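The structure displayed is predicted, hence computed values, not measured ones.
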Amino acid sequence: MNEVVGSHDLLLVTLDTLRYDVAAELAAEGRIPHLASRLPGGVWDERHAPGSFTYASHQAMFAGFLPTPATPGPHRRLFAARFAGSETTAEGTFVFDTPDLVSGLAAAGYHTVCVGGVGFFNKRGALGSVLPGLFQESHWEPEFGVPSPTSFEAQVACAEKVIAGLPPDRRLFLFVNVSALHQPNWFHLPGATREAGDSRATHAAALEYVDRHIGRLFSALGDRGPGFAIVCSDHGTAYGDDGYTGHRLGHEVVWTVPYTHFFLEAS
């Protein structure tokens with residue numbers, strides 16, 4: 001990452017609440033072609049989330065603790081705060097001296113931008129302002145939020161405007177928190193009803209919806225020049241698994257998440 005930081009734009013996309021099993025299933029079935037084309041061998045990396053809900057997980061990721069490979073470690077990290085005794089900071093790790101990655105990249109000359117999604121990014125109160133407050137520029141509108149059936153395309157349109165307005169020689173760190181997977185998501189599945197509510201199937205339909213628009217985001221950033229993208233979930237969620245519903249709990253479907261990273265080039 002020491003060769004990437006400074007020479008490449010950086011993109012971090014968190015597919016909020018996306019379960020690993022659903023992501024893997026859709027990739028194998030050819031239902032998310034735009035995302036699958038970016039996966040090594042068309043397969044997501046299986047990882048463990050650093051938190052069981054959005055706020056905790058993003059605080060950890062912004063400190064350099066991205067989802068951890070679901071195999072015995074230690075595993076070297078891409079980013080890390082300077083911390084004595086760290087066993088996962090390696091020669092290739094980008095080490096920053098600030099409290100978080102966002103300000104660390106700003107110190108390295110990046111313009112940092114947040115396009116928020118779920119309520120922890122809505123800036124409507126003190127708690128919802130903490131995470132977007134890390135960035136030099138942040139955006140949130142009701143249309144980006146979880147009740148909106150067009151949330152992701154609205155977020156992509158916002159990101160495209162940000163990217164178009166940035167001088168080509170200024171490096172960009174763009175973070176997008178995708179809210180479409182989060183409950184409620186029933187409206188993404190044709191024939192589903194509010195009364196029936198959300199399910200694993202509507203969760204999958206929401207990922208298909210995201211896939212239809214995410215190529216625009218990759219193209220917009222890639223056309224600026226070399227870029228490096230990280231796409232992952234911050235945590236999963238339960239739909240009746242072993243009697244559990246939701247997240248902020250210690251079930252396997254909450255802790256196990258999909259992850260990938262790749263380089264972006266002009267389309």
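Side-chain contact of Glu137 with Thr112: a donor-acceptor pair under 3.5 Å is absent, judged by distance alone. Thr202 and Asn185 form a side-chain donor-acceptor contact under 3.5 Å, judged by distance and modelled atom types alone. For the 3.5 Å distance criterion, the side chains of Ser179 and Asp16 fail to qualify, holding no donor opposite an acceptor. For His203 and Thr237, the side-chain atoms include no donor-acceptor pair closer than 3.5 Å. No side-chain N or O of Ser148 forms a donor-acceptor pair with one of Ser151 less than 3.5 Å apart.
Hydrophobic cluster membership differs between Trp44 and Trp255, with clusters built from Ile, Leu, Val, Met, Phe, Trp and Tyr side chains linked at under 4.5 angstrom. One hydrophobic cluster holds both Leu39 and Leu221 under the rule that ILVMFWY side chains link at heavy-atom gaps under 4.5 Å. In terms of hydrophobic clustering, with Ile, Leu, Val, Met, Phe, Trp and Tyr side chains grouped at heavy-atom distances under 4.5 Å, Phe94 and Val102 are assigned to a common cluster. Under the 4.5 Å side-chain contact rule for hydrophobic residues, Leu66 and Leu134 share a cluster. One hydrophobic cluster, built from ILVMFWY side chains closer than 4.5 Å, holds both Ile163 and Phe262.
The six-membered or imidazole ring of Phe96 lies away from that of Phe83, with a centre-to-centre distance of 6.0 Å or more. For Phe53 and His247, the ring centers sit 6.0 Å or farther from each other. Side-chain rings of Phe228 and His261 approach one another, their centers coming within less than 6.0 Å. Residues Phe173 and His111 keep their aromatic ring centres 6.0 Å or farther apart. Residues Phe144 and His139 keep their aromatic ring centres 6.0 Å or farther apart. If you look at Phe135 and Phe175, their ring centroids are closer than 6.0 Å.
Remark: Arg124 CZ to Ser129 OG distance equals 11.5 Å, nearest 0.5 Å. For the atom pair OG (Ser219) and CG (Leu264), the distance works out to 9.0 Å, reported to the nearest 0.5 Å. Taking CZ of Arg38 as the reference point, atom CD1 of Ile214 lies at 9.5 Å (rounded to 0.5 Å). A distance of 7.0 Å separates CD in Gln155 from CG in Asn177, rounded to the nearest 0.5 Å. If you take CZ on Arg47 and OG1 on Thr260, they are separated by 8.5 Å, rounding to the nearest 0.5 Å. Here the straight-line distance linking atom CZ of Phe79 with atom OG1 of Thr93 works out to 9.5 Å at 0.5 Å rounding.
Across Gln183 and Gly246, no two heavy atoms sit closer than the pair NE2-CA, 4.2 Å. What you find for Phe120 and Pro132 is that their closest heavy atoms are O-CD, 3.7 Å. For the pair His48 and Ala70, the tightest heavy-atom approach, listed with the atom from each and the gap, is NE2-CB, 3.6 Å. Shortest non-hydrogen contact noted between Met1 and Leu78 is CG-O, 3.4 Å. Counting all heavy atoms, side chain and backbone alike, Val257 lies closest to Val254 at CG1-O, 4.2 Å. Between Ser103 and Thr98, the shortest heavy-atom contact is OG-OG1, 3.0 Å.
Side chain of Asp242 to backbone of Tyr244: no donor-acceptor contact under 3.5 angstrom is found. A distance-only check finds a donor-acceptor pair linking the side chain of Asn2 to the backbone of Glu91 [under 3.5 Å]. For Asp211 (side chain) and His34 (main-chain N/O), a donor-acceptor pair under 3.5 Å exists by modelled atom type. Between the side chain of Lys123 and the main chain of Ser138, a donor-acceptor pair closer than 3.5 Å is present. Asp97 contributes no side-chain N or O that, together with a main-chain N or O of Ala81, makes up a donor-acceptor pair within less than 3.5 Å. Using a distance-only test at 3.5 Å, with no hydrogens or angles considered, no donor-acceptor pair links the side chain of Thr256 to the main chain of Val253.
Using a 4.5 Å heavy-atom cutoff, the side chains of Pro258 and Leu18 are in contact. Residues Pro50 and Pro67 have side chains in contact (heavy-atom distance under 4.5 Å, counting atoms from C-beta outward). Phe121 is listed as a side-chain neighbour of Cys114, based on a closest heavy-atom distance under 4.5 Å. Residues Val156 and Glu153 are not in side-chain contact: their nearest non-hydrogen atoms beyond the backbone lie 4.5 Å or more apart. Inter-residue side-chain proximity for Leu105 and Gln136 is flagged as unmet; no heavy-atom pair is nearer than 4.5 Å.
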(message) Is there a side chain to side chain contact (heavy atoms under 4.5 Å, CB included) between Ile230 and Tyr259? Walk through the geometry before answering.
(response) CA-CA 8 Å; Ile230 298 167; Tyr259 173 97; 3.5 Å; yes
**OP:** Evaluate the criterion side chain to side chain contact (heavy atoms under 4.5 Å, CB included) for residue pair Tyr209 and Leu189; output intermediate values, then yes/no.
**Re:** CA-CA 9 Å; Tyr209 160 70; Leu189 181 65; over 6 Å; no
* Verify side chain to side chain contact (heavy atoms under 4.5 Å, CB included) between Thr88 and Arg77, making sure each step is shown before the conclusion. => CA-CA 6 Å; Thr88 55; Arg77 288 187 287 145; 2.8 Å; yes
Which is it for Arg212 and Phe152 under the side chain to side chain contact (heavy atoms under 4.5 Å, CB included) test, yes or no, and what are the steps along the way?
CA-CA 10 Å; Arg212 290 195 292 270; Phe152 186 55; over 6 Å; no
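Applying the side-chain hydrogen bond (donor to acceptor under 3.5 Å, both in side chains) test between Thr54 and each of His235, His182, Gln59 identifies His235 as the sole match.
Salt-bridge formation is detected for the pair Arg200/Asp21: a Lys NZ or Arg NE/NH1/NH2 atom is positioned less than 4.0 Å from an Asp or Glu carboxylate oxygen. Under a 4.0 Å N-O distance rule, the pair Glu25/Arg19 does not qualify as a salt bridge.
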Anything under 3.5 Å between a donor and an acceptor, one on a side chain of residues 4-13, the other on a protein residue two or more places apart or in another chain? List them.
unit_1, atom_1, unit_2, atom_2, d
Ser7, OG, Glu3, O, 2.8
Ser7, OG, Val4, O, 3.1
Asp9, OD1, Arg171, NE, 2.9
Asp9, OD1, Arg171, NH2, 3.3
Asp9, OD1, Leu172, N, 2.8
Asp9, OD1, Arg224, NH2, 3.2
Asp9, OD2, Arg224, NE, 2.7
Asp9, OD2, Arg224, NH2, 3.3

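Within a 6.0 Å sphere centred on CZ of Arg170, heavy atoms belonging to other residues, nucleotides or ligands number more than 12.
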